[in-house]
Amino acid sequence: MEQNANKGSGRLVYDKDTIYIIGDAQASVNNPITQQYNAFFIGLVVDTSSHKIVDAGCSSTIPLTSEFVRSIFIGHNMLLLDVVAEEIRQRYHGSSQKALIVAYKDAQKKYKLALNGREELGFQSSGTV
């Protein structure tokens, strides 16, 4: 388990330096995810002191998909779009590949806004936005 996610009594507990961000995108009409959820979503837990993604999940119809997507995101820097997008292109060959990248871009935009909001409230953040 990552240092920022501790397992206690069967559920994850995240450090106070982490925030949760949702990114969304439209997947193709014939995609089962679109048929079930009407959109594609990723949820990311990010350590704001390092910008490291410590946990991830996505809307999927197969649990293995969510676990695989999780393995792509964990450990990456939330601010490095091109690195993550390239890994998605190389490793994820599902019908929602493009939607996954768009959802990550959306999450990254929301993350930057959240960081700016935290700084305005007096929270410290290492790094720049």
Report yes or no: do Ile88 and Val102 belong to one cluster of Ile/Leu/Val/Met/Phe/Trp/Tyr joined by side chain heavy-atom distances under 4.5 Å?
no

Please name the pair of heavy atoms, one in Asp106 and one in Gly23, separated by the smallest distance, quoted to 0.1 Å.
OD2-CA, 3.4 Å

Glu87: salt bridge (charged side-chain N to carboxylate O under 4.0 Å, His left out) partners, not counting sequence neighbours
Arg91

For Ala25 and Ala99, work out which heavy atoms get closest and say how close.
CB-O, 3.4 Å

For the CD1 atom on Ile62, are there more than 12 heavy atoms of other groups (residues, nucleotides or ligands in this structure) within a distance under 6.0 Å?
no

Got a second to check how far Asp55's CG is from Ile74's CD1, nearest 0.5 Å?
5.0 Å

Non-hydrogen atoms of Gly43 and Ile22 that approach each other most closely:
CA-CD1, 4.0 Å

With the 4.5 Å side-chain cut-off for hydrophobic clustering, are Leu80 and Val54 part of the same group?
no

With side chain to side chain contact (heavy atoms under 4.5 Å, CB included) as the test, would you mind laying out the steps for Gln108 and Val84 before giving the verdict?
CA-CA 11 Å; Gln108 187 184 60; Val84 176; over 6 Å; no

Apply the side-chain contact (heavy atoms from CB on, under 4.5 Å) test between Lys110 and each candidate in Asp24, Leu44, Ile19, Leu115; give the one that qualifies.
Asp24

Starting from the C-alpha separation in whole Å, work towards a yes-or-no answer on side chain to side chain contact (heavy atoms under 4.5 Å, CB included) for Val83 and His76.
CA-CA 8 Å; Val83 173; His76 279 290; 3.8 Å; yes

With sequence neighbours left out, what residues match Glu86 under side-chain contact (heavy atoms from CB on, under 4.5 Å)?
Arg89, Gln90

Quick check against the 3.5 Å criterion: does Thr18 have a side-chain atom that pairs as donor or acceptor with the backbone of Asp15?
yes

Criterion side chain to side chain contact (heavy atoms under 4.5 Å, CB included) on Ile53 and Val45, from CA distance to verdict
CA-CA 6 Å; Ile53 300 169; Val45 178; over 6 Å; no

Leu100 CG to Ser95 OG distance, which is reported to the nearest 0.5 Å:
11.0 Å

To the nearest 0.5 Å, what is the distance between CE (Met78) and CG (Asp47)?
12.5 Å

Can you tell me how the ring of His51 sits relative to the ring of Tyr111, calling it parallel under 30°, perpendicular over 60° and tilted otherwise?
perpendicular

Taking the six-membered ring for Trp, is the centroid-to-centroid distance between Phe73 and Tyr104 below 6.0 Å?
yes

When rounded to the nearest 0.5 Å, the distance separating OG of Ser96 from CD1 of Ile42 is 11.0 Å

